[in-house]
Each structure stands twice: as structure tokens, then as C-alpha cells.
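Heads up: the structure comes next, in C-alpha cells.
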Number of protein chains: 2
Amino acid sequence: MVARKEPVSRRERPAKPALSRRVIVETAVALMRSEGLEKVTMRRLAQELDTGAASLYVYVANTAELHAAVLDALLGEVDLAGADAGDDWREQLRAVVTSYTLVLFAHPQLARSALVARPSGENYLRLVDRVLDLLSRSGASRAQVAWGVDKVLQDATATAAEHSAQDRDPAAADDWNAAVAALRAAGEDTHPAIAAHMPELVGGSAQERLRWGFDVIVNGITHTPVSGPPAD
Amino acid sequence: MVARKEPVSRRERPAKPALSRRVIVETAVALMRSEGLEKVTMRRLAQELDTGAASLYVYVANTAELHAAVLDALLGEVDLAGADAGDDWREQLRAVVTSYTLVLFAHPQLARSALVARPSGENYLRLVDRVLDLLSRSGASRAQVAWGVDKVLQDATATAAEHSAQDRDPAAADDWNAAVAALRAAGEDTHPAIAAHMPELVGGSAQERLRWGFDVIVNGITHTPVSGPPAD
DNA sequence: ACCTGAACACCGTTCAAGT
DNA sequence: ACCTGAACACCGTTCAAGT
């Protein structure tokens with residue numbers, strides 16, 4: 001008598017989870033936290049789920065969409081309240097944008113993919129809605145606020161993407177060092193303006209630059225009408 | 001008698017060029033112009049040069065460095081003069097930044113890699129020097145100018161990177177459409193601020209947004225002192 | 001409808017061996 | 001010193017075949 005499929009292994013492992021978009025994205029997030037976004041590939045993720053890569057394509061269109069879903073899942077961690085920032089819209093906005101930036105700082109690779117592929121997930125929409133709301137309290141015109149939200153988020157995202165330098169990423173650190181070295185090496189004769197701005201050009205902590213960058217964007221938005229005539 | 005290596009094919013092809021960093025980068029630029037940056041891989045480039053991928057590693061450390069070299073080569077096309085922009089530093093700066101943006105618009109994939117890996121090539125340094133020079137004529141403090149140059153170039157680069165949507169890139173176009181659709185679909189009840197800013201949120205031509213974005217950054221830089229006390 | 005193995009068409013990088 | 005073939009360790013995506 002030929003043995004049927006052995007039910008023996010049923011309790012040996014935590015039971016192969018039924019595939020679904022949700023468990024795929026959740027597993028992808030876990031994989032990214034433990035090994036970094038570069039390991040979140042269709043093949044590796046399938047391995048983690050005990051199946052073949054082809055199976056994932058039922059729930060996810062391609063790798064880019066998968067990474068976008070991971071990003072949106074992470075954006076769930078952004079603190080939209082801006083609770084302890086008082087009543088000032090500007091300080092509340094600063095709190096929200098800082099929270100967004102910190103989430104991306106923890107995963108600079110995701111920030112990069114956010115720059116490349118426009119996010120459109122639910123958590124991102126919530127963030128956009130909140131930033132619009134706070135920005136509109138500045139009194140700037142509707143057009144300024146509408147166009148401004150992109151600038152605010154773009155600046156935060158780009159800053160986070162650049163800041164991959166520190167955390168162990170050797171290639172990014174090399175880039176940064178190479179850039180700083182190149183600026184320092186620039187001679188007074190060939191690059192006079194670089195030499196003239198030299199201490200400040202590579203100075204300032206990440207925090208100081210971050211704070212200043214936020215103020216630059218917000219001041220710029222509120223001071224720059226969208227059409228020729230002054231705002232409102 | 002065994003035939004020696006046949007010299008017959010000597011004139012059949014344009015003579016295998018001697019390998020060097022210069023011919024590698026030049027070939028890479030040509031390959032990118034004809035087939036896009038995604039085809040500029042070590043293996044494909046080696047094939048183009050009639051050799052093996054391993055040979056390239058004598059002159060180029062890795063793929064990222066290769067792409068950085070391609071970017072810097074392209075930055076040679078940026079018009080730093082800002083010739084027909086008159087005497088106003090702001091209009092001259094606008095001309096230079098617009099030229100930079102246009103170069104990247106033609107190759108959005110390169111803009112993406114510029115966001116990810118800090119450029120430090122010779123042409124990039126020239127651009128930084130020029131932008132510093134023009135920005136310093138605004139009368140803003142040295143620190144504002146030094147920190148501002150990053151913001152100006154970061155904004156232009158990020159804008160170009162996003163704008164890959166149009167040109168044939170189907171994935172990018174899908175992203176953009178998905179993002180616009182998501183914004184339009186956002187209900188008044190769940191995302192009131194999005195609904196309230198709706199026509200403007202997805203409106204405006206690339207040119208209008210580009211121009212406004214430049215003014216936002218420049219106005220922000222000149223209006224935002226670096227430390228607590230007012231600039232200068 | 002969902003899942004799978006196998007295949008196709010690629011990658012980057014290293015290294016021993018040659019010239 | 002430079003160049004090479006071959007190898008190692010991967011990729012994304014599709015598709016015919018199964019359940």
C-alpha cells in the first residue's frame with residue numbers, strides 16, 4: 001500500500017501561512033527590518049514564505065509595487081498628530097515632518113525608492129492630507145499650499161535618502177567622503193567660490209541642516225505666490 | 001602546418017580600441033544615449049568593448065562609480081554662463097539651474113542615481129562653484145549660501161528624477177497615474193484637505209511648477225538665517 | 001483560482017591562470 | 001600590468017502544467 005501524503009509534518013513548523021497580499025507585505029517588512037531592503041527580492045521573499053517566486057505574482061504586480069507597499073506600511077508609523085508641539089501650525093508641521101523624516105532615516109533605501117516611484121498608498125495619502133491641513137493654516141493661497149505639500153515632502157524624502165551615509169552602508173559612506181574630499185581639494189584658483197565658502201560648505205550637523213531646510217521650504221512657500229500677482 | 005592566429009579580420013571591424021577609463025566612460029555614455037542607463041551594465045558595456053566584464057574592473061571600481069562617471073560626463077553639457085539672462089544674479093542662477101535641470105530631464109534615470117550617490121566629479125564641482133558664486137550675490141550670509149547650494153541642486157535633481165514619467169518609461173507613467181488617481185479618489189469625508197485643494201493639487205504644467213519651485217527655494221534661502229539671530 | 005517548477009534572459013563581482 | 005574565461009551567487013518575470 002502506497003503511503004499517502006504524510007500528515008506527519010503538520011506540526012513541525014509554524015504551519016505554512018496561506019498566501020495573501022497582507023502576509024506577503026508583512027513578511028516583506030519583517031525581512032527588510034532584519035536584513036535590509038536589498039534582500040527584499042521576489043525570490044528571497046518567496047523563500048521566506050516557503051513557496052516559489054512565481055506564486056507572489058498573483059498578489060503583487062512586480063518588485064517596484066512590492067517596495068511601494070513596504071514603504072506605505074512603514075508610513076503607518078509616522079506620528080500625524082504632532083501632539084506636543086503646541087498650537088502653532090508651523091511647529092506642528094515641523095513635528096509631523098520630523099516624524100516622517102525619522103521613519104525614513106531608519107530605512108534610507110526606502111526613501112530612495114520613494115523618490116523614484118511616487119507613493120500613493122493609504123498612509124501616504126493620510127500624510128499628504130495632514131500636511132495640507134497644517135500648511136493651509138499659514139494663510140498662503142490654496143495654490144501655494146497645494147504645490148507646497150510636494151516640496152515639503154520631497155525635501156524631507158531627499159534629505160533622508162542622502163543620509164544613508166552613516167549606518168553601515170559602506171558604499172554610501174564612501175560617496176559622502178569622496179564628495180567632501182573633492183570639495184576640500186578644490187583649489188582657490190580653479191574653484192574660488194567653493195574655497196570661499198569652505199568651512200560652512202561641509203559643516204553643520206544633520207539636525208541643524210534638517211531644521212534649517214524645513215524653514216527654508218516653509219518660508220519659501222509662504223513668501224512665493226504662484227502667479228505673477230501677490231498671493232490671495 | 002597549423003594556421004597561426006589569423007590576421008585576416010584586422011580591417012573587418014573598427015579595430016578594438018585600447019581599454020582605458022576614458023574610452024570606457026565614453027562608450028558608456030554612448031550606450032546610455034542609444035539604449036538607456038539600464039543597459040549600462042558591466043557585462044553589456046564589456047560586450048560593447050569586445051572584452052569581458054572582468055577587464056573593466058581595472059579602471060572602474062564598480063557599477064555605481066561607472067554611473068557616477070557617466071553623470072559627470074553629461075554635466076559637461078550644462079551651460080554655466082547663463083549668458084542671455086541679463087545682469088540679475090537671480091535670473092542668471094535661474095538660467096544655470098534650468099540648464100542643469102534640462103540635462104537631467106533628458107536622462108531621468110541619471111537624476112535618480114545622482115540623488116542616491118553624491119556626485120563629486122569635476123563638472124559637478126564647477127556647477128557647485130558657479131551656483132555658490134551667483135547665490136552669494138544675493139547678499140545672504142555665507143552660511144546661508146553654503147547650505148543653500150545643496151538645496152538648489154537637490155530640488156532640481158529631485159524634480160528631474162520624478163519627471164521620468166513622460167518619456168516612454170511605462171512603469172514611471174503608471175506610478176504617476178496611480179498617484180493622481182489616488183488623490184482624485186480621496187473622499188471629502190476621509191481626506192478633507194486633499195479634496196479641498198483638489199484642482200490645484202494635480203494641476204500646473206511642469207514648467208510652471210519648475211519655475212515656482214526655483215523661486216520657493218531661492219526665496220527660502222535668502223529669507224532664512226542659519227542661526228537664531230538674523231543673517232549678517 | 002491558485003500554485004508550482006522550470007526555463008529564459010539576464011545581473012555584479014572575484015579569482016586563478018595566462019600574456 | 002593587464003586581460004581573460006569561468007565560476008559563484010544571485011536577479012525578475014513568464015509560462016505550461018498541475019491541483
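Just so it is clear, the values below take in all heavy atoms, side chains as well, and ignore hydrogens, waters and symmetry mates.
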Audit row: B:Gln154, A:Thr159, side chain to side chain contact (heavy atoms under 4.5 Å, CB included) steps and yes/no: CA-CA 9 Å; B:Gln154 184 188 75; A:Thr159 302; 3.9 Å; yes
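- Look at B:Asp129 and B:Arg126 and you find no salt bridge, because none of the NZ, NE, NH1 or NH2 atoms lies under 4.0 Å from a carboxylate O.
- Here the NE2-CG distance, from B:His197 to B:Leu183, works out to 12.5 Å after rounding to the nearest 0.5 Å.
- Remark: DNA chain C takes part in the stems C:4-8 with D:12-16, C:12-16 with D:4-8, each of 3 or more antiparallel Watson-Crick or G-U pairs, criterion distances under 3.5 Å.
- Checking the phosphate oxygens (OP1, OP2) of C:dT4, a side-chain nitrogen or oxygen of A:Ser55 falls inside 4.0 Å.
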Given protein heavy atoms under 4.0 Å, the one-letter contact record of nucleotides 8-15 of chain C, with B base, S sugar-phosphate only and - none, is simply ---BBBBB
Please determine whether side chain to side chain contact (heavy atoms under 4.5 Å, CB included) holds for the pair A:Arg33 and A:His107, giving the CA-CA distance in whole Å, both sets of side-chain angles, and the decisive distance to 0.1 Å. CA-CA 9 Å; A:Arg33 283 195 214 275; A:His107 304 279; 4.2 Å; yes
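- Within residues 22-31 of chain B, no residue places a heavy atom under 4.0 Å from DNA chain D.
- Taking all atoms of both residues into account, the shortest heavy-atom contact from B:Arg94 to B:Thr98 is O-OG1, 2.6 Å.
- To the nearest 0.5 Å, atom CG of residue B:Asn62 and atom CG of residue B:Leu56 are 12.0 Å apart.
- Rounded to a whole Å, the CG atom of B:Leu19 is 17 Å from the P atom of D:dA1.
- Residues B:Ala193 and A:Asp133 share a closest heavy-atom pair of CB-N, 3.9 Å.
- Summarising the geometry, the separation between CD on B:Gln47 and P on D:dC3 is reported as 18 Å, rounded to the nearest angstrom.
- Going from atom NE2 of A:His67 over to atom CD of A:Gln109 covers 9.0 Å, rounded to the nearest 0.5 Å.
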Applying side chain to side chain contact (heavy atoms under 4.5 Å, CB included) to B:Thr41 and B:Leu66, what does each step give before you reach the verdict? CA-CA 9 Å; B:Thr41 65; B:Leu66 174 65; over 6 Å; no
Under the criterion side chain to side chain contact (heavy atoms under 4.5 Å, CB included), I'd like the reasoning laid out for B:Val78 against B:Arg130: C-alpha separation, chi angles, the key distance, then a yes or no. CA-CA 11 Å; B:Val78 175; B:Arg130 181 69 170 138; over 6 Å; no
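- A gap of 23 Å separates the P atoms of C:dA9 and D:dC10, to the nearest Å.
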